[in-house]
Structure formats: C-alpha cells, structure tokens
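Please read the structure below before turning to the comments.
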Amino acid sequence: MAARTCWCRLCQYLGGGTATANICFPSDKVTRTGELTFHDSVADSGNTIRRGFCPTCGTPATSEALSRPHLIFLRIGTLDDPDLMGPQATIWTEAAPEWACISSEIPNYPAQVPPVA
C-alpha cells in the first residue's frame, strides 16, 4: 500500500540512531512464521503503537497503530524480498539529526502524513 522512511524519535531508537524503512500492508494479507514479542508505546503522532520484535534476536519487525488494526507496517529489511518496494516518502524529517541522509528524490514531510487507509 505504501512504503516510507521514518525519522520520528521512536523509529530512531528502533533503528539504532537512523530512520526505519517501513512498508504497509492490509493486516489480513500478511502471514509470518515465528513468534513475536510486543511492546506498546505512544508515537510522536499521538497514536498508540504496538511494535513486534523477535524474542530471540531482538530484531524489530512490525508496527501497528491500535487505532487502525486493519493495517500493519513491516520493516522492509524483514521481508523475504526487501526489494519488493522501496520508500516512497520520508516522514518526520523535523526530528532527524543534522547529519541524517534524507533523499531529495522522494517527497519529504516534517511530521506525520495522513494515514494510508
């Protein structure tokens, strides 16, 4: 449905200091193998977000806004095919550090953009 790079502070924590690259799918179209451990937090947008992590290695895998349970965001690097779709926009650029590499070839937004669906 959409793919974005996000520089919000929570994504910077998840990315170890960089942005995260995320792709959105309808929740009912996604299947996964293995277990996830979940952590809920409030994002810079004000939405309560449930993030899924591998309980064995700690890899961040998913994000779901509890207000939009029909959508799931997956970290692009966790896909079987990470070339399926690259980011189409970068969001939360106002939270990015000065040294951040932000592509000028895709749209950039200072904060949250309207929901995908």
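Residue numbers start at 1 and run along the sequence shown. Just so it is clear, the values below take in all heavy atoms, side chains as well, and ignore hydrogens, waters and symmetry mates.
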Tell me the closest heavy-atom pair linking [X] and [Y], and the distance in Å.
X    : Y   : answer
W7   : G17 : CZ3-O, 3.8 Å
R75  : P60 : CG-O, 3.3 Å
G15  : T20 : N-CG2, 4.1 Å
P55  : L36 : CD-CA, 4.0 Å
F25  : L79 : CE1-CD2, 4.3 Å
Y109 : A89 : CE1-CB, 3.9 Å

[X] versus [Y]: any side-chain heavy-atom pair under 4.5 Å?
X   : Y   : value
F73 : I49 : no
E64 : P69 : no
R51 : S41 : yes
C6  : N22 : yes

- Query: Quick one: hydrophobic cluster around L66, which other residues, with the 4.5 Å side-chain cut-off, linked directly or via members?
  - Reply: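 Hydrophobic cluster check, L66: no partners found.
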Co-membership, hydrophobic cluster, residues [X] and [Y], 4.5 Å side-chain:
X   : Y   : value
L74 : L84 : yes
I23 : I72 : yes
I76 : M85 : yes

- Message: I'd like to know whether R68 forms a side-chain contact (heavy atoms from CB on, under 4.5 Å) with N47, so could you lay out the CA-CA distance, the side-chain angles of the two residues, the decisive distance to 0.1 Å, and finally the verdict.
- Response: CA-CA 10 Å; R68 293 186 301 278; N47 292 319; 3.8 Å; yes
- Message: By the side-chain hydrogen bond (donor to acceptor under 3.5 Å, both in side chains) test, which pairs, at least two apart or in different chains, include something from residues 77-104?
- Response: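 Every side-chain hydrogen bond (donor to acceptor under 3.5 Å, both in side chains) pair that includes a residue of residues 77-104, provided the two are not neighbours, is W92-Q112.
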